[in-house]
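It should be emphasised that the depicted structure is a prediction, and the values quoted were computed from it without experimental measurement. Counting starts at 1 for both ligands and their atoms, in listed order. Reckoned from all heavy atoms, side chains included, excluding hydrogens, waters and symmetry mates.
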Amino acid sequence: MENKINIIWYNELDSTNSEALRHISDFDNLSVIAAICQSGGRGQRGNRWFSAPGENLTFSIVLKPGIGGIPHITTQNIFDLNRISSLSVTSFLSSQGVEASIKWPNDIYFRNRKISGILIENNIVGDEIVSSVIGIGINLNQTEFPELSNATSVKLITGSSIAIKEALEEFCEVFKRTLSLFGNNSLSDIYEDKLFHKGRLCRYSDYLRDTEFEGKIIGVTDTGRLIVEEGPRRRTYAFKEIGYIL
Ligand code: BTN
């Protein structure tokens, strides 16, 4: 796999994902668009992503499947992108002394606090992923989160500050290694080993049935649905159909 990652730093952008999407045809495969400051960081479900300027990592990876040795990705194996992205973050964090877990589908948690979020935006033609923008925010040095009640950072956990540009170089090395696991049979097991709450009896909201229940996460299907056991019954859930009660 040809895998040269080119990092492009900006002092300020509205959102690295928005910038990557606006100029997707100008960016080479495996370009990384990084911002010291994001004025309009975007999260999942239309939420905002707050990050203090210069303290954390906010960046987006441009991936063009089927080009330069990157495998073809279709709507059938698209969940592997979530697996690769979240495992890259947990491996990177582990190298910084933080053993984090993956709150399905791709939030990264340390204990009950969020340390990183991932927003993947795909351009799909037919059932082929033509390009993908993998936006990642990782809290490194920020120690106060006025807008958020459940955020944490590497510094809050380890006490150490990290230089953000060096940290992104290191993350990219980890990402390249993890990307080579694409399509590998063991990828889903490696992902599930890191799954937040897996095998523990916990409370969840079932948004489809408008109820709460106690259940155990036992895994994730190949299409990315969460498998939860509730007593003798197993159900699978899509994103937005289930919520964790923490
Ligand atoms: C979430 O947890 O809701 C996803 C957060 C994703 C945030 C990152 S920061 C870099 C990239 N640019 C954005 O606007 N969002 C993503």
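- Using cut-offs of 30° and 60° on the angle between ring planes, the pair Y204 and H197 is perpendicular.
- Residues meeting the side chain to side chain contact (heavy atoms under 4.5 Å, CB included) test with E170, sequence neighbours left out: F92, S95, Q96.
- Within 4.0 Å of ligand 1, counting heavy atoms only, the contacting residues are S15, T16, N17, Q38, G41, R42, G43, Q44, W49, T58, F59, S60, D107, K114, G117, I118, L119, G135, I136, G137.
- No side-chain donor-acceptor contact under 3.5 Å links T74 and D127.
- A donor-acceptor contact under 3.5 angstrom links the side chains of N184 and S186, judged on distance only.
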Distance-only donor-acceptor pairs under 3.5 Å for side chains of residues 156-164, two or more places apart:
| from | atom 1 | to | atom 2 | distance (Å) |
| --- | --- | --- | --- | --- |
| T158 | OG1 | V154 | O | 3.0 |
| T158 | OG1 | S160 | N | 3.1 |
| S161 | OG | K155 | NZ | 3.1 |

Could you pull out every donor-acceptor pair under 3.5 Å between side chains of residues 105-112 and any protein atom, sequence neighbours left out?
| from | atom 1 | to | atom 2 | distance (Å) |
| --- | --- | --- | --- | --- |
| N106 | OD1 | Q44 | NE2 | 3.0 |
| D107 | OD1 | K114 | NZ | 3.0 |
| Y109 | OH | N150 | ND2 | 3.2 |

